[in-house]
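For reference, the structure discussed in these notes is given below.
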Amino acid sequence: MEVGGELAPVTVREALSWIAGTLGAAGIDSGEAEAGWMLWRLTGLSPVQLRLRGDQEIPAQDLLQLQSWVAGRRRRVPLQHLMGTAPFLEWELEVSPDVLVPRPETEVLALRAREWLRKSPSGPGPGTLQALDIGTGSGCLAIAMASVPGVAVRAIDASEPALRVARSNARRLGFEGIGFLHRDVFSLGESDFSGLDLIVSNPPYIPTAEIEGLDPEVRDHDPRMALDGGGDGLEFYRFLALRARRWLKASGGMFLEFGDGQAPELCRLFVAAGWGEISTEKDLSGRERILIVHPTVACRS
Ligand code: GLN
């Protein structure tokens, strides 16, 4: 891409192949997808449109941007951090090193939560449903719930810098009604919440000893406090299993994201704490990823 310090003219096709090749050589598997993402961001063209316009020349200014993104990716900085945004459902959310980059698996949790709220008997009519997001980070789950009419959302996080990002996302996207609170989940008592319809959370769930083995994009750039779930990764679930039942209405539910292989232990944990109707759902890659629990076993007559 560089000839004698001068930028040579480059076509869309050449740029795509240079980016994918350079990222591949740096040990990044998703080079092709990321190349498409970078070009989409600069040109607004979809991957199919990009292929159709492979001969189109890229303006020098865009080339400089591509080179800077590629240099960042070679240092394994996540593309979302380089761009300052991450896609989440129908939105483009602001992200920073203070928040976990929203992931596609969390979109599955958001979609399930939204579906549940839409179908819930007390909404979306005049009665307001009460929802809580624990460890909101970028605010992605809180915003998804607030997009359902008739839902009042509160969101907590132990990090004030994360809350600044969440508030800014909510404001920019028109969800000023979300109540953001600076709280550490472990400081919450039984009377801190009551009458909630839905609790969602993507808590930290990586066992501490496994963090060193994660991809550098995650290990070195996502906030450690958003990843580290303690010795076996289940510290947050243990607390929520004991504490959160009292916060919910009898008809309420709690939806939690969890990590690979954690489903059996989580089910045991929530059964032992007296929760009912426990089920799990898979993410887009077919892995068990979402735990759904209710405070009581439904009484069907
Ligand atoms: N999904 C993240 C990862 O795989 C972990 C986020 C979390 O612990 N909640 O890196």
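For the side-chain contact (heavy atoms from CB on, under 4.5 Å) test, residues two or more places apart in sequence or in another chain that qualify with Arg154 are Gln130, Leu132, Phe193, Leu196. Listed by chain and residue number, Asp55 satisfy the side-chain hydrogen bond (donor to acceptor under 3.5 Å, both in side chains) test with Arg13 (two or more places apart in sequence, or in another chain). The salt bridge (Lys or Arg N to Asp or Glu O under 4.0 Å) check on Arg172 picks up nothing, with sequence neighbours excluded. Ser138 is linked by a side-chain hydrogen bond (donor to acceptor under 3.5 Å, both in side chains) to nothing, counting only residues two or more places apart in sequence or in another chain. When the salt bridge (Lys or Arg N to Asp or Glu O under 4.0 Å) test is applied to Glu265, the partners found at least two apart in sequence or on another chain are Arg268. Shown here are the salt bridge (Lys or Arg N to Asp or Glu O under 4.0 Å) partners of Glu115, two or more places apart in sequence or in another chain: Arg112. Arg171 meets the side-chain hydrogen bond (donor to acceptor under 3.5 Å, both in side chains) test with no other residue; sequence neighbours excluded. Scored by the salt bridge (Lys or Arg N to Asp or Glu O under 4.0 Å) test, Arg219 finds no partners at all (sequence neighbours excluded). Legend: residues meeting side-chain hydrogen bond (donor to acceptor under 3.5 Å, both in side chains) with Ser191, ordered by chain and number and at least two apart, are absent.
A salt bridge does not link Arg245 with Glu190: none of the charged nitrogens is closer than 4.0 Å to a carboxylate oxygen. Contact check on Asp157 versus Arg183 returns no salt bridge, with no Lys/Arg side-chain nitrogen under 4.0 Å from an Asp/Glu carboxylate oxygen. Asp232 and Arg238 are joined by a salt bridge, as a carboxylate oxygen and a charged side-chain nitrogen come within less than 4.0 angstrom of each other.
With hydrogens and angles left out, the side-chain atoms of Glu92 and Thr85 include a donor and acceptor closer than 3.5 Å. A donor-acceptor contact closer than 3.5 angstrom links the side chains of Tyr205 and Glu257. In summary, the side chains of Glu288 and Thr280 do present a donor paired with an acceptor at a separation below 3.5 Å, with no hydrogens or angles considered. Side-chain contact, Thr208 with Asp228: a donor N or O sits under 3.5 Å from an acceptor N or O. Looking only at atom types and distance, the side chain of Asp184 has no donor-acceptor partner in the side chain of Ser187 under 3.5 Å away.
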Should Met38 and Leu23 be marked as a side-chain contact (heavy atoms from CB on, under 4.5 Å) after you check the CA-CA gap, both sets of side-chain angles, and the distance that decides it? CA-CA 12 Å; Met38 291 181 199; Leu23 298 196; 4.3 Å; yes
Leu141/Asn202 under side-chain contact (heavy atoms from CB on, under 4.5 Å): CA gap, chis, key distance, verdict: CA-CA 9 Å; Leu141 288 170; Asn202 173 19; 4.3 Å; yes
Evaluate Arg289 against Asp260 for salt bridge (charged side-chain N to carboxylate O under 4.0 Å, His left out), listing each step before the verdict. CA-CA 7 Å; Arg289 183 69 63 195; Asp260 289 345; 3.1 Å; yes
Hey, mind stepping through Leu173 and Ile143 against side-chain contact (heavy atoms from CB on, under 4.5 Å) and telling me if it holds? CA-CA 8 Å; Leu173 298 170; Ile143 287 169; 4.2 Å; yes
If you apply the rule side-chain hydrogen bond (donor to acceptor under 3.5 Å, both in side chains), what do you find for Thr22 with Arg74, and how did you get there? CA-CA 8 Å; Thr22 310; Arg74 290 179 69 188; over 6 Å; no
Audit row: Ile290, Leu256, side-chain contact (heavy atoms from CB on, under 4.5 Å) steps and yes/no: CA-CA 6 Å; Ile290 317 289; Leu256 304 175; over 6 Å; no
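A single hydrophobic cluster is seen to contain both Leu188 and Met254, as judged by linkage of ILVMFWY side chains at heavy-atom distances under 4.5 Å, directly or through other members.
Within 6.0 Å of atom CZ in Arg246, 12 or fewer heavy atoms from other residues, nucleotides or ligands are found, so the atom counts as exposed in its surroundings.
Grouped by direct or indirect side-chain proximity (heavy atoms under 4.5 Å, Ile/Leu/Val/Met/Phe/Trp/Tyr only), Met225 sits alone. Val101 belongs to no hydrophobic cluster, as no Ile, Leu, Val, Met, Phe, Trp or Tyr side chain comes under 4.5 Å of its own.
Of the possible donor and acceptor atoms, none in the side chain of Asn169 sits under 3.5 Å from a partner among the backbone N and O of Gly139. Panel note: side chain His182, backbone Ala158; a donor-acceptor pair is recorded below 3.5 Å. In this structure, the side chain of Gln49 engages the main chain of Ser46 through a donor-acceptor pair within 3.5 Å. Side chain of Glu210 to backbone of Pro207: no donor-acceptor contact under 3.5 angstrom is found. With Trp275 contributing its side chain and Ala241 its backbone, the two residues share a donor-acceptor pair below 3.5 Å.
Listed by first and then second residue, the ring-ring contact (aromatic ring centres under 6.0 Å, His included) pairs that reach into residues 216-237 are Phe186-Phe236, sequence neighbours excluded.
In summary, of the residues considered (Leu109, Val218, Asp283), a side chain to side chain contact (heavy atoms under 4.5 Å, CB included) with Arg103 occurs for Val218 alone.
Between His294 and Trp116, the ring planes are tilted. Angles from 30° to 60° get that label.
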